[in-house]
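What follows is a single structure, written as structure tokens, with notes after it.
Below, chain A is the first sequence line, B the second, and so on; all start at residue 1.
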There are 2 protein chains.
Amino acid sequence: MSEEKNIKINNKENIEMTALELFAKHGFQAVSVRDICKPLGLRESAIYYHFANKQGILDSLLLRVDQLILQMKTEFEAAFSEAAEVSDEAMCAVAIGMLQGYLLHPVVYKMIAMLTIERISTYNAQDTYQKLVFELPLKQMEMVFAQMIDKGFIVRNAPEVLAQEYYAIIYFAFQKNCIGPELTDENIALTKQEINKNMKDIYNKMKQR
Amino acid sequence: MSEEKNIKINNKENIEMTALELFAKHGFQAVSVRDICKPLGLRESAIYYHFANKQGILDSLLLRVDQLILQMKTEFEAAFSEAAEVSDEAMCAVAIGMLQGYLLHPVVYKMIAMLTIERISTYNAQDTYQKLVFELPLKQMEMVFAQMIDKGFIVRNAPEVLAQEYYAIIYFAFQKNCIGPELTDENIALTKQEINKNMKDIYNKMKQR
DNA sequence: GTCTATAAATGGATAGAC
DNA sequence: GTCTATCCATTTATAGAC
């Protein structure tokens, strides 16, 4: 093996990930190029070698979200396509999986936090937020319900309405307990607890009478 | 009547409302004191006469939210205490009232937009957001359900779970369609439509069998 | 690919006149 | 209560050496 320096390769990706960390915590505007440099041990000009300007870092991150969405889409399919058993436990498992494996996924979570801020003023960010936080998970939940209806487990036949009802519970608990200055284990535990409670409740109302 | 100049009294409140408008659109950090001055036709020093610093404007606005919460609390009581009839239309009316009269209330909406950004990095803003967007509406919904249970309209006896299930639908549709760079009439119409659809669906599952 | 140095602009904040 | 003028820190961005 050759003597190449494997420690501290400050490539584009490295810079983007540090930027994402900071953008997620403080927002794009509040973070200066110098702030991004510090943890990397770099100077500003090193950043400007990789990116045209500060905006370029954000644009690059937004492109990264699009890739992430595609990746997550295939991961979802692998995770949920087999779980076509129906019980309140199974429904809770799907919901907790959506929380733990997606919304709280280290990169997805930071993207959501960053976009939560940016989407209010920027069309570009709003578009990405919509896809990441609403379209993809809703489409996924819809598929789960379509399957359940197909197999005769469920009475009603509007999978997109059911998806919205169920995902609303997950999204609500997530927003209420997991978005904020710090994400603690207690917050996550409380979120799961609330999702489980509401999930079981709504499941009992919905199941084949 | 005396010849006092009634036009353009640029008092503290005037400055705060202009600041709120801008903070809601771009976030606290992204708005400069000069930005606030422009629409008011003032100079920076005029602002610093009324406020100790830029942060002082935000602090003042946060205090204003607390007053608003108290005011809204009493308005809610007046609006919902009589509506103790139970039907899917009545439930939808309560939900649409929560959207139209509260979440989309001109001032409340701007406060929510501003706090959506600030609450991610600031404990103070997070606290206020929690009260304004979660605690107050949930408490209110809970009271409506407690009444309905009291009068024997509803089977289940966990009003706080029901409140969360119902309010989650409202909050979800609001976040999905009404938060972003511009709020159009189409967005609002779509939000109402989605709330109505999900509300009726969940109501039919819930009502006395 | 990263550094030093520096230009140019922006933004928070104050002093003192009116 | 608002204005002019000004100060100073921060920040974006670039030029040119290594």
Would you list the atom pairs, donor with acceptor, under 3.5 Å between side chains in residues 48-65 of chain A and any protein atom, with sequence neighbours excluded?
{"unit_1": "A:N53", "atom_1": "OD1", "unit_2": "A:Q55", "atom_2": "N", "d": "3.3"}
{"unit_1": "A:N53", "atom_1": "OD1", "unit_2": "A:G56", "atom_2": "N", "d": "2.9"}
{"unit_1": "A:K54", "atom_1": "NZ", "unit_2": "A:F28", "atom_2": "O", "d": "2.9"}
{"unit_1": "A:K54", "atom_1": "NZ", "unit_2": "A:V31", "atom_2": "O", "d": "2.7"}
{"unit_1": "A:Q55", "atom_1": "NE2", "unit_2": "A:D59", "atom_2": "OD1", "d": "3.1"}
{"unit_1": "A:S60", "atom_1": "OG", "unit_2": "A:E16", "atom_2": "OE2", "d": "2.7"}
{"unit_1": "A:R64", "atom_1": "NE", "unit_2": "A:E16", "atom_2": "OE1", "d": "2.6"}
{"unit_1": "A:R64", "atom_1": "NH2", "unit_2": "A:E16", "atom_2": "OE1", "d": "3.0"}

Please output the side-chain donor-acceptor pairs of residues 134-146 of chain A that fall under 3.5 Å, not counting sequence neighbours, one pair per line with the distance.
none

Exercise answer: donor-acceptor pairs, residues 99-106 of chain B side-chain atoms, under 3.5 Å, sequence neighbours excluded:
{"unit_1": "B:Y102", "atom_1": "OH", "unit_2": "B:L132", "atom_2": "O", "d": "2.5"}
{"unit_1": "B:H105", "atom_1": "ND1", "unit_2": "B:V107", "atom_2": "N", "d": "3.1"}
{"unit_1": "B:H105", "atom_1": "ND1", "unit_2": "B:V108", "atom_2": "N", "d": "3.3"}

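Atoms CG (B:L58) and P (C:dG12) sit 13 Å apart, rounded to a whole Å. The distance between atom CD1 of B:I47 and atom C1' of D:dG1, rounded to the nearest whole Å, is 12 Å.
Every residue two or more places apart in sequence or in another chain was checked for a salt bridge (Lys or Arg N to Asp or Glu O under 4.0 Å) with A:K192, and none qualifies. Residues satisfying the salt bridge (Lys or Arg N to Asp or Glu O under 4.0 Å) test with B:E118, not counting sequence neighbours, are none.
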Return a single string for nucleotides 4-18 of chain D, one symbol per nucleotide in 5' to 3' order, where B is base contact, S is sugar-phosphate-only contact and - is none, cutoff 4.0 angstrom on heavy atoms. B------BBBBB---
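Here A:Y49 reaches the OP1 or OP2 of C:dG1: one of its side-chain N or O atoms lies under 4.0 Å away.
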